[in-house]
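Notes to accompany the following structure.
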Amino acid sequence: MRIATWNVNSLRSRIDRVEAFVQRHDIDVLALQETKAREEQLPLMGLQALGYDIAVAGLNQWNGVALLSRVGLEDVQVGFEGMPTWGDPAAEEARAIAATCDGVRIWSLYVPNGRKPDDPHYTYKLDWLARLRETARGWLDTPTAMVGDWNICPTDDDVFDPAQFAKSTHVTPPERAAFQGFLNDGYAEVTREHAPGYTYWDYYRQRFERDRGLKIDFVVASPSLASRVTGAFIDRDERDPAQGTGSPSDHAPVVVDLG
DNA sequence: ATGGTTGAAGGTCAA
């Protein structure tokens with residue numbers, strides 16, 4: 001089974017790229033973040049025609065997550081138990097959606113950005129991660145993957161210029177501790193060893209062209225699922241303005257293969 | 001400190 005995660009930064013503006021991507025790489029399950037649309041706004045017929053069942057959550061122009069699967073899409077769940085919210089709770093539910101696909105419980109996650117370390121949104125981010133961790137302890141014994149945009153650089157190698165980010169979110173010790181907590185509990189991040197390199201490059205200042213990016217998109221797997229991973233890669237071509245149809249997302253997709 | 005770019009329910013906010 002081949003799983004992918006991609007922060008698309010608007011599914012409507014990226015629909016042609018998404019359809020081409022799933023075909024080019026023969027994707028079985030695709031988790032999307034920042035879809036930025038309600039279901040009725042989305043042109044999904046093309047993906048359905050390609051054989052995908054689709055579950056989406058999203059009410060506003062900032063969040064929104066989705067799952068596409070051609071190997072089953074059962075027990076869809078929006079949000080997790082006790083998930084903290086920000087602003088309009090109904091809109092913020094669209095940071096997490098889960099479904100069981102061919103026996104694997106897959107969560108598409110869009111972790112809160114945090115904005116600035118002194119912003120209340122940063123506290124919300126840490127609360128959100130803490131609550132996810134508590135809930136996820138209960139999933140360790142089942143094949144589970146938490147995939148998506150974690151908005152955390154777990155190490156300095158995941159930042160093009162750590163000094164520049166010294167006073168920014170994504171690299172602070174509490175955020176890194178939050179990520180490490182999942183690993184301490186027994187989960188494994190399964191993409192890094194197969195797919196080094198960044199997954200996000202800011203639109204500003206030709207960051208992609210100069211490879212000045214961040215590694216913030218991860219696949220965090222329970223032990224039984226982690227043992228099935230045979231490979232992973234980052235599709236940098238999808239971040240390349242010179243390739244594909246229309247403008248790219250600021251994130252590249254991450255693909256994982258399961259044996 | 002500011003600005004650079006992209007997307008959306010835009011004439012601003014979030015990333």
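By convention in this document, chain letters (A, B, ...) are assigned in the order of the sequence lines, proteins followed by strands, and residues within each chain are numbered from 1. Just so we're clear, the structure is a prediction, and the values are computed from it rather than from any experiment.
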Exercise for the section: Using whole Å, report how far CD1 of Ile15(A) lies from C1' of dA8(B). Expected result: 16 Å
Which pairs, protein N/O on one side and nucleotides 11-15 of chain B N/O on the other, fall under 3.5 Å?
from: dA14(B); atom 1: O4'; to: Trp62(A); atom 2: NE1; distance (Å): 3.2
from: dA15(B); atom 1: OP2; to: Arg115(A); atom 2: NE; distance (Å): 2.7
from: dA15(B); atom 1: N6; to: Tyr204(A); atom 2: OH; distance (Å): 3.0
from: dA15(B); atom 1: N1; to: Tyr204(A); atom 2: OH; distance (Å): 3.1

Problem - dT5(B) and dG10(B), which share atom name P, separated by this distance in whole Å - result: 22 Å
Problem - Side-chain N or O of Arg239(A) closer than 4.0 Å to phosphate OP1/OP2 of dT6(B) - result: no
Exercise for the section: Considering only atom C1', compute the distance from dG4(B) to dA9(B) and round it to an integer number of Å. Expected result: 25 Å
Problem - Parallel, tilted or perpendicular: rings of Trp150(A) and Phe182(A) (30°, 60°) - result: perpendicular
Handout entry: Under 4.0 angstrom between Arg207(A) side-chain N/O and dT5(B) OP1 or OP2
Key = no
Completion exercise
note: Gln61(A), atom CD; dG10(B), atom P; distance rounded to Å ~ 8 Å
Completion exercise
Test side-chain hydrogen bond (donor to acceptor under 3.5 Å, both in side chains), reference Tyr122(A), set Asn113(A), Asp127(A), Thr172(A), Thr169(A), output is Thr172(A)
Problem - Whole angstrom value for the distance that separates C1' of dG4(B) from CD of Glu209(A) - result: 13 Å
Handout entry: Pair Phe80(A) + Trp139(A): ring centers closer than 6.0 Å
Key = no
Problem - Interatomic distance at P, dT6(B) relative to dA1(B), whole Å - result: 27 Å
Practice task
Return the value, rounded to whole Å, for the distance between atom CG of Leu42(A) and atom P of dG7(B).
Solution key: 16 Å
Fill in the blank from the handout: Rounded to whole Å, CZ of Arg212(A) lies from P of dG4(B) at a distance of 17 Å
Exercise for the section: Check every strand shown and say whether Gln41(A) touches a base, only sugar-phosphate, or nothing at a heavy-atom separation below 4.0 Å. Expected result: sugar-phosphate
Problem - Value in whole Å for how far the P atom of dT6(B) lies from CZ of Arg17(A) - result: 12 Å
Exercise for the section: Name the nucleic acid region contacted by Leu59(A), choosing base, sugar-phosphate or nothing; use a 4.0 angstrom heavy-atom cut-off, strictly under. Expected result: base
Problem - Under 4.0 angstrom between Ser247(A) side-chain N/O and dG7(B) OP1 or OP2 - result: yes
Exercise for the section: Report the residue from Asp257(A), Asp28(A), Thr230(A), Asp26(A) that forms a side-chain hydrogen bond (donor to acceptor under 3.5 Å, both in side chains) with Arg2(A). Expected result: Asp257(A)
Problem - Within the 6.0 Å centroid threshold, strictly below: Trp86(A) and Trp128(A) - result: no
Exercise for the section: Kindly give the heavy-atom pair with the smallest separation between Val256(A) and Ala232(A), and that separation in Å. Expected result: CG2-CB, 4.1 Å
Problem - Check: Tyr198(A) ring centroid to Phe208(A) ring centroid under 6.0 Å - result: no
Practice task
Nearest whole angstrom, please: distance from the P of dG4(B) to the CZ of Arg210(A).
Solution key: 15 Å
